[in-house]
Chemist: 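Provided herewith is a single structure, encoded as structure tokens, for subsequent inquiry.
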There are 2 protein chains.
Amino acid sequence: MQPAAKLDAVPSATKPGECEYVLETQIGHLLRRAHQRHVAQFEKEVGDLDLTPTQFAALAKISERGEVSQNLLGRMTAMDPATIQGVIQRLMARGLIDRRPDPNDRRATLLRLSAPGRTLTREAIRRAHHVSKGVLEPLTPDDRAQLTALLRKLTDLT
Amino acid sequence: MQPAAKLDAVPSATKPGECEYVLETQIGHLLRRAHQRHVAQFEKEVGDLDLTPTQFAALAKISERGEVSQNLLGRMTAMDPATIQGVIQRLMARGLIDRRPDPNDRRATLLRLSAPGRTLTREAIRRAHHVSKGVLEPLTPDDRAQLTALLRKLTDLT
DNA sequence: AGCAGGTCGTTCGTATACATATGTGTCGTG
DNA sequence: CACGACACATATGTATACGAACGACCTGCT
């Protein structure tokens, strides 16, 4: 990313629905930036394990479920079938995941962690908790709970 | 994206910092999902103008500033120099943007909207307001203000 | 049994997103 | 004025992210 910026404050808002658009007040831009913040923090703290946030999410979820189909894993981690395919392929190439065909459904593939995968995931989970803490660090404890709750509501995660 | 999911609720949390990790409670995952929600909504409502959220952000910001250097635009829209380069290149190819070398700094390039770019941006801004409304629709008005404020705090946008 | 419609994994194409490297240009300091 | 540190735009490589299309397969209905 760029060197952080600190640009001049944003001036006047106009009435919405009109031809003015203050990027910095729009939810989409804010979400994008906040997400970027998390990715950066994750990279800084977990990057030396060579795991991206998505790769980690996949590992963590497999770890939680023991064995899942690739497609279900995708739904649980909010990844497109096309996306999860690439993620799994890269984790496979590193030997972190074992695959086997689903005996009950010949379309499906079942995934589980390999022994090295389990070890790496344990360590990554430890660090991931620290990442979450770091991301929320600018907020008060109350604000953190608020934000989490609001995002869950927004994303329909009850 | 996948057909939406509605998976079973998440069970028990363990004490954090330990070997449990409930993806659905972690800020990174929530931010990623919320961001996905916005991108999807944007695509649905602005997609037929063939604009992505980032392309639109660039156009909107150029429109606001009149003329900016590519690099400054990148900082204002939170895009890497490498990223903004690609975005601008595609908008240029469509004739939505005009370029000229900065007379005061031969490294820099100045960007402004072309006439078609201005027209398209006006229409896109109209729709973008509607997108923001749609994204926040699951929240109460109070919650919307709360969430926006918290994200601004988190992303250091004062 | 057989078929229609849907699902699972995969592939292709395009667009962010960012690290890294490079060539060119600017600027402050000596 | 010269030089080193830095800034700007670009190029390359990798990793999401997703639409669209595909072949293989499953399932419910007839």
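Atom set for the values below is all heavy atoms of this structure, side chains included, hydrogens, waters and symmetry mates excluded. Predicted model only: the values in this text are computed from it and were never measured. Chain letters run A, B, ... following the sequence lines, proteins first and then strands; every chain starts at 1.
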Chemist: For B/L110 and B/V68, run side chain to side chain contact (heavy atoms under 4.5 Å, CB included): C-alpha distance rounded to whole Å, both residues' side-chain angles, the deciding distance at 0.1 Å, then the answer.
Modeler: CA-CA 5 Å; B/L110 294 178; B/V68 262; over 6 Å; no
Chemist: B/I88 has an atom CD1; how far is it from atom P of D/dT10, in whole Å?
Modeler: 10 Å
Chemist: If I take atom NE2 in residue A/H35 and atom C1' in nucleotide C/dT16, what distance separates them, rounded to the nearest angstrom?
Modeler: 11 Å
Chemist: Within a strict 4.5 Å, meaning less than it, do heavy atoms of the A/L157 and A/L151 side chains meet?
Modeler: no
Chemist: Find out if a path of hydrophobic residues (ILVMFWY) with successive side-chain heavy-atom gaps under 4.5 Å connects A/I84 to A/M92.
Modeler: yes
Chemist: Would the distance check show the side chain of A/R37 and the main-chain N or O of A/V135 forming a donor-acceptor pair, the cut-off being under 3.5 Å?
Modeler: yes
Chemist: Got a sec? Which of residues 47-58 of chain B come in under 4.0 Å of DNA chain C, heavy atoms?
Modeler: B/T52, B/T54, B/Q55
Chemist: Show every salt bridge (Lys or Arg N to Asp or Glu O under 4.0 Å) that has at least one partner inside residues 85-106 of chain B, sequence neighbours left out.
Modeler: B/E67-B/R100, B/D105-B/R107
Chemist: Check this one for me: any side-chain N or O of B/Q36 less than 4.0 Å away from OP1 or OP2 of D/dC18?
Modeler: yes
Chemist: Ignoring backbone atoms, test whether A/Q70 places a side-chain nitrogen or oxygen under 4.0 Å from the OP1 or OP2 oxygen of C/dT10.
Modeler: yes
Chemist: Using heavy-atom distances to pick each residue's nearest nucleotide on DNA chain D, tell me which of B/A82 and B/E43 is more 5'.
Modeler: B/A82
Chemist: B/K44 NZ to D/dC18 P: how many Å, rounded?
Modeler: 14 Å
Chemist: Once you round it to whole Å, what is the distance between P of C/dT16 and CG of B/L73?
Modeler: 13 Å
Chemist: Measure CD1/B/I84 against C1'/C/dA17 and give the value in whole Å, please.
Modeler: 12 Å
Chemist: Anything under 30° is parallel, anything over 60° is perpendicular, the rest tilted; go ahead and classify B/F42 against B/F56.
Modeler: tilted
Chemist: Starting from P on C/dA21, measure out to CG on B/D80 and report it in whole angstrom.
Modeler: 15 Å
Chemist: Just checking B/V39: base, sugar-phosphate only, or nothing, at a heavy-atom cut-off of under 4.0 Å?
Modeler: nothing
Chemist: Just wondering, more than 12 heavy atoms not from A/D48 lying within 6.0 Å of its CG?
Modeler: yes
Chemist: Could you state the atom-to-atom distance from CZ of A/R33 to P of C/dC18 in whole Å?
Modeler: 11 Å
Chemist: Check the distance between C/dA15's C1' and A/R32's CZ and give it to me in whole angstrom.
Modeler: 12 Å
Chemist: State whether B/K61 and A/E24 are salt-bridged, where the test is any N-O pair (Lys NZ or Arg NE/NH1/NH2 against Asp/Glu carboxylate O) under 4.0 Å.
Modeler: yes
Chemist: Would you call B/L96 and B/L113 a side-chain contact if the rule is heavy atoms closer than 4.5 Å?
Modeler: no
Chemist: Would you jot down, in residue-number order, the residues of residues 90-111 of chain A having a non-hydrogen atom under 4.0 Å from DNA chain C?
Modeler: A/R99, A/R107, A/A108, A/T109
Chemist: Between D/dT10 and B/Q85, is there an OP1 or OP2 to side-chain N/O distance shorter than 4.0 Å?
Modeler: yes
